[in-house]
S.K.: 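Just dropping this structure here.
For ligands, and for the atoms within them, numbers begin at 1 and follow the listed sequence. Sequential numbering from 1 along the given sequence is applied to the chain's residues.
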Amino acid sequence: MTKQNIHQITLPTPYAVGDVHVYVVKGETVTLIDAGVNTKEAWDIFCDELKNIDLKPEDIDQVVLTHHHPDHIGFIGKLDHVNRVYGHELTQLWLTRDESYFEHYLNFFNKLYDQWGVPEQYQHIEKTVKQSFKFTTTSELTHVLTEGDKIPGLESFITLETPGHAESHLSFYNPETQALLAGDFLLKHISSNPLLEPPVKPGSERPKPLLHYRDSMRKVLDYQFSNIYPGHGEIFTGHEPLIKERLVKQEKRAHKVLDFIQKGPATPFEICQFLFPKHYQSQFGLTMSETVGQLDYLIDTGQITEVIDHGHSRFIANHAVTNN
Ligand SMILES: [Zn+2]
């Protein structure tokens with residue numbers, strides 16, 4: 001097969017994370033990895049940048065999505081000539097704005113936030129979802145990808161399931177060149193937030209994003225990556241020390257949470273306020289997801305227990321504080 005070239009295109013977003021990168025892989029087939037946000041500014045820059053590599057939007061044969069977040073699926077609906085759209089099956093729910101899923105999504109968060117002691121003024125779930133629709137277009141997956149899948153026209157890459165930041169997260173690895181199209185799985189300058197999501201089936205157990213994220217990171221420790229092409233920040237190498245550092249940092253944060261809980265039972269909201277006193281108000285969804293991630297980790301490692309009384313959760317430490 002012909003040599004593939006990976007072209008990075010950087011686009012603005014209205015989000016705190018700043019710019020997002022999409023990638024155009026030019027081989028026999030032209031593949032776009034991710035689709036920015038749906039703003040005029042991002043689309044205009046995208047079209048201009050395509051010109052620099054002698055392409056027009058109509059030249060894109062297929063789109064591959066790393067995950068369902070709005071800064072990665074935004075203008076896909078503008079590429080309406082494209083009839084091959086690849087991604088994780090959960091991405092479909094967001095592309096089509098599946099009504100029953102979003103009803104379930106809102107119910108799930110409302111119920112959980114009540115249970116976790118979150119005051120009403122922070123329960124902006126509906127607003128957050130509407131906000132994300134504002135910067136995306138609708139579309140549909142034509143092909144679902146799972147672990148190990150190859151994509152026709154992009155055969156040199158294999159699909160790696162890398163859930164955590166999003167349950168729908170996929171990365172794409174080229175064993176020959178050892179390139180990794182990483183989406184938001186691995187970013188050099190910041191650690192990705194493991195974001196809370198409802199279970200796909202109402203009533204079943206919710207996913208544990210931080211545990212999934214740890215598993216995804218550990219899973220790629222043995223891989224050799226030459227270049228990692230991320231959704232945000234610079235292209236980089238050296239994932240092994242980065243992952244090890246992130247795992248340790250997370251364990252330290254969990255320890256801080258454990259210390260707090262050892263002083264007395266606490267609700268997730270109280271723990272969130274303790275962990276992020278400066279940011280919990282302005283970035284409630286992110287900080288709450290991070291907090292719950294630490295709680296999931298401490299439960300998983302047998303250090304705390306969730307006690308639910310009359311529909312309200314408190315977390316208690318399994319062992320008394322040792323005096324040393
Ligand atoms: Zn992103």
S.K.: Is the NZ or CZ atom of Lys256 positioned over Phe274's six-membered ring, under 6.0 angstrom from the centre and within 45° of the axis?
M.R.: yes
S.K.: In sequence, state the C-alpha distance, the side-chain angles, and the governing distance for His69 and His165, and then conclude on ring pair (Phe, Tyr, Trp, His ring centres under 6.0 Å).
M.R.: CA-CA 10 Å; His69 291 165; His165 173 61; 4.6 Å; yes
S.K.: Find out whether the Lys NZ or Arg CZ of Arg206 is both under 6.0 angstrom from the six-membered ring centre of Phe108 and within 45° of the ring's axis.
M.R.: no
S.K.: With respect to the Zn ion (ligand 1), what is the nearest N, O or S atom of Asp184?
M.R.: OD2
S.K.: Which angle, to 10 degrees, forms at the Zn ion (ligand 1) with OD2 of Asp71 on one side and NE2 of His232 on the other?
M.R.: 80°
S.K.: Can you tell me how far the CG atom of Leu221 sits from the CG atom of Leu247, to the nearest 0.5 Å?
M.R.: 7.0 Å
S.K.: Under 2.8 Å from the Zn ion (ligand 1), is there an N/O/S atom belonging to His67?
M.R.: no
